[in-house]
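Below is one structure, written out as C-alpha cells; comments come after it.
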Amino acid sequence: MKVEELPPLPRSFYERPTTLVARELLGKVLVRRFEQVELRARIVEVEAYLGERDQASHARRGPTPRAAIMFGPPGRLYVYLIYGMHHCMNFVCETDGVAGAVLIRAAAALDDETHPRALSGPGKLCAHLAIALAHKGLDLTARESELVVVDDGTRPRIAASRRVGVEYAGAWARRRLRFYVPGHPSVSR
DNA sequence: TTATCGATGGTA
DNA sequence: ACCATCGATAAA
C-alpha cells in the first residue's frame, strides 16, 4: 500500500499516555496537504510534555488561553510561537480533560528520496511544512485534514535523553522525555 | 569544536 | 521578563 493511501492515525492512537505516544510517533510519516501538492516527512525526534505536574510543560499553569488545548480531546494540533519567530507543533494526547502533548522536534523530508532533507529542529520543521498559529486546533485524525500522520510500518530504534531548552524546570528538566532515532542525520543538536 | 548573541513577539 | 529557536559570527 502506498503511503498516500494510508489512513490517518486514529484518535485512539493519541488517547494514551503521552510518553508512549511520543515513542510510537518515531518513524511515522507526516503528510502535509496543500491544494495541489503534498509534502511528506518521517518523524525522527520528539519530546513528551506530561501536563500540569510537568514543570517544563505549557500546561503547568493550568488551562490558560494558550495551553487550554492541551487539556482538550486528543488528536488535535497545538501550535505556539517561540522567541517571536519560530513555530512549534505538538500533538495533543491523553483523554479529554487530561493535559499532555508531544512536541515534534525533527523529521526527514521524503519528497526527494535521493536527497533526503533534514528538518532538524521544531522551527525549521514548521517552516518547511508551512504550519503556523492558524493551524492550532486542527484535527489530525480527519482524512481531509491539511496535516495527518500515517504509519507505513517503519519501526526505528529509540534512544532517550533530556529535553532541550527546559533548564528552568528543576527536577523535570532531568527527566529523559526526549526520544529520537539514534544516529539519524536529521536529529537536531 | 564550543560559545555567544541578535532577531522578534506571544504569554502571564 | 521570560522563553520547548535558529543562524551567524567569534573564539579557540
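So that the names make sense, note that chain A is the first sequence line, chain B the second, and so on, each numbered from 1.
Applying the Watson-Crick and G-U wobble criteria (two distances, each under 3.5 Å), C:dC3 pairs with B:dG9.
Listed candidates were C:dG7, C:dA4, B:dA12. Nearest to the side chain of A:Y78 is C:dA4.
In this structure, A:I82 places its CD1 atom 13 Å from C1' of B:dA12, rounding to the nearest Å. Rounded to an integer number of Å, the gap from A:R163 CZ to C:dT5 P is 12 Å. Here the C1' atom of nucleotide C:dC2 and the CZ atom of A:R60 are 10 Å apart, to the nearest Å. Atom CZ of A:R178 is separated from atom P of C:dA4 by 16 Å (rounded to the nearest Å). Rounded to whole angstrom, the span from the OH atom of A:Y180 across to the C1' atom of C:dA4 amounts to 18 Å. Taking atom NE2 on A:H86 and atom C1' on B:dT11, their separation rounds to 17 Å, with Å as the unit. Rounded to a whole Å, the CZ atom of A:R66 is 9 Å from the C1' atom of C:dA4. With rounding to whole Å, A:H87 atom NE2 is found 14 Å from B:dT8 atom P.
Between C:dA4 and A:H58, a contact under 4.0 Å exists linking OP1 or OP2 to a side-chain N or O. For A:R105, a side-chain nitrogen or oxygen approaches OP1 or OP2 of C:dT5 to under 4.0 Å.
For A:R32 and A:D111, the salt-bridge test fails: no basic side-chain N is under 4.0 Å from an acidic carboxylate O.
In summary, the aromatic rings of A:Y80 and A:H58 are positioned with their centroids under 6.0 Å apart.
Judged by atom type and distance alone, A:Y83 does not reach the base of B:dA7 through any side-chain donor-acceptor pair under 3.5 Å.
Side chains of A:S161 and A:R176: no donor on one and acceptor on the other come within 3.5 Å. Under 3.5 Å, the side chains of A:S145 and A:R33 contain no donor-acceptor pair of N or O atoms.
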(request) Start with the C-alpha distance between A:R60 and A:E52, add both sets of side-chain angles, then the distance that settles salt bridge (Lys or Arg N to Asp or Glu O under 4.0 Å), and finish with yes or no. (result) CA-CA 4 Å; A:R60 69 187 179 281; A:E52 291 200 76; over 6 Å; no
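Ring-to-base geometry does not place A:Y80 in a stacked arrangement with C:dA4 (centre distance under 5.5 Å, plane angle under 30° required).
Comparing A:L81 and A:M85, the nucleotide of DNA chain B nearest to each residue sits closer to the 5' end for A:M85.
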